[in-house]
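Input: a single structure, listed below in structure tokens.
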Amino acid sequence: MFILDRLLPFIFSYIRPFIKWFLHAFTRLSELQRICYGARAGASRTSQVERCLALSKTPQIRRLVLDLDEAAAYADNRELMEFAPRAARVVMQAKRIKNNVHPDFARLFGSCVNSIWGYRRLMHQVEELRAERYDSDNLEHEQKLLLLWQLLMPEAPLTGRVSKQWQDIGFQGDDPKTDFRGMGMLGLENLLYFATAYNDAAKHVLLHSMHPTLGYTYAIVGINLTAMAFNLVKTGAAKTHFYNLVVQHKQDFSTVEDFHKLYCYLFFEFDRFWMESDPRNIMDFREIYQAFEITKLEALHNDSTIFKTNLVVESV
């Protein structure tokens with residue numbers, strides 16, 4: 001089975017040109033046209049377009065992909081919106097697709113371009129946040145940390161910036177700054193977004209974390225889930241979710257806020273998964289965390305998957 005898995009990509013790379021030639025001769029459509037007209041909007045269509053562009057041997061298209069990859073990381077929204085018409089012009093010229101004969105192609109293909117390079121920009125944006133270290137001398141960082149406490153523990157004022165009270169919301173010691181070393185400001189931004197946008201759900205999860213026998217360290221688990229969300233994006237596993245999200249919500253591309261919402265979904269669902277797993281103690285965390293991650297990876301293998309942040313708190 002291992003040998004077959006290694007051989008299949010090589011076999012496919014040899015027969016792919018013949019398959020493309022046959023289908024083009026039979027349908028009179030390029031591969032990109034067949035995908036845009038035949039595949040379901042969302043992850044199914046966008047992933048196939050992305051693969052087709054990556055495997056293209058047409059010089060103009062290869063140059064286009066390299067240029068867009070280079071520009072995407074620092075593109076603002078206006079610049080990113082210019083990617084689609086530019087890509088459509090290059091592809092239609094290279095593949096001799098006439099707009100008057102195929103008026104829908106540029107629109108369908110352009111939507112995929114927005115999703116693909118919007119995702120690549122998102123990868124860069126979350127990496128920048130992860131690489132930004134928490135700095136206790138940075139007033140903005142400190143204000144965000146204190147706001148997190150106020151949102152989660154509004155009836156218990158902090159006695160001091162360095163305090164054992166931080167352990168009440170799941171930090172390891174008296175000063176939370178050391179716990180952000182792995183995920184940087186991305187970890188804090190995720191925790192703060194959850195507590196701000198879904199305050200009832202966040203406090204519901206926090207209360208579960210304080211359970212005398214099933215409890216866990218809320219903030220530390222939250223930062224671990226930031227790592228999970230980050231890795232899903234970095235490896236490309238999360239493309240299924242984001243490509244479908246863009247279509248369902250009629251967006252042009254994915255944003256950092258969409259990443260925060262993915263995180264909120266993961267935290268809320270992990271809490272449910274943890275409670276249902278009935279752990280013996282916190283030592284079961286790694287096993288349960290990995291089992292939870294596997295369920296999400298399996299779900300993302302289905303190209304219709306989208307994780308919905310409908311965080312309904314039924315009981316506290």
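Small disclaimer: the values here were computed from a predicted structure and weren't measured.
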For this session: Would you check if there is a donor-acceptor pair between the side chains of Arg89 and Asn99 at a distance under 3.5 Å?
Result: no

Exercise. Can you tell me if Trp274 uses its side chain to pair, donor with acceptor, with the backbone of Leu214 under 3.5 Å?
Worked result: yes

For this session: Could you tell me whether a side-chain N or O of Thr305 sits under 3.5 Å from a main-chain N or O of Ala299, the two making a donor and an acceptor?
Result: yes

For this session: Establish, for the pair Arg133 and Phe180, whether the NZ or CZ atom is under 6.0 angstrom from the six-membered ring centre and no further than 45 degrees off its axis.
Result: no

For this session: Please collect all side chain to side chain donor-acceptor pair (under 3.5 Å) contacts where either partner lies in residues 223-233, sequence neighbours excluded, each pair once.
Result: Asn190-Thr226

Problem set entry | Pair Asp258, Thr255: side-chain N/O donor-acceptor within cut-off below 3.5 Å | yes

Problem set entry | Check against side-chain contact (heavy atoms from CB on, under 4.5 Å), Leu129 and Val256 | CA-CA 10 Å; Leu129 280 171; Val256 173; 4.2 Å; yes

Problem set entry | Pair Gln167, Asp174: side-chain N/O donor-acceptor within cut-off below 3.5 Å | yes

Exercise. Any side chain to side chain donor-acceptor pair (under 3.5 Å) pairs touching residues 286-301, not counting sequence neighbours?
Worked result: Tyr265-Lys296

Problem set entry | Linked, directly or transitively: Tyr218 and Tyr193 (ILVMFWY side chains, under 4.5 Å) | yes

For this session: Could you state whether Val162 and Phe171 fall into the same hydrophobic cluster, counting links through intermediate Ile, Leu, Val, Met, Phe, Trp or Tyr residues with side-chain heavy atoms under 4.5 angstrom apart?
Result: no

Problem set entry | Test salt bridge (charged side-chain N to carboxylate O under 4.0 Å, His left out) applied to Glu276 and Arg272, step by step | CA-CA 6 Å; Glu276 289 176 354; Arg272 190 202 313 272; 5.1 Å; no

Exercise. Do Thr213 and His211 meet the criterion of a side-chain donor-acceptor pair at a distance under 3.5 Å?
Worked result: yes

For this session: Report yes or no: do Ser136 and Glu142 form a side-chain donor-acceptor pair below 3.5 Å?
Result: no

Exercise. Under 3.5 Å, is there a donor-acceptor pair between the Tyr216 and Asp271 side chains?
Worked result: yes

Problem set entry | Partners passing side-chain contact (heavy atoms from CB on, under 4.5 Å) against Arg96 (at least two apart in sequence or in another chain) | none

For this session: Evaluate whether atom NZ of Lys239 has more than 12 neighbouring non-hydrogen atoms of other residues, nucleotides or ligands under 6.0 angstrom away.
Result: yes

Exercise. With a distance cut-off below 6.0 Å to the six-membered ring centre and an angular limit of 45° from the axis, does Arg181 pair with Tyr134 as a cation-pi contact?
Worked result: no

Problem set entry | Salt bridge present between Arg120 and Glu50 (N-O < 4.0 angstrom) | yes

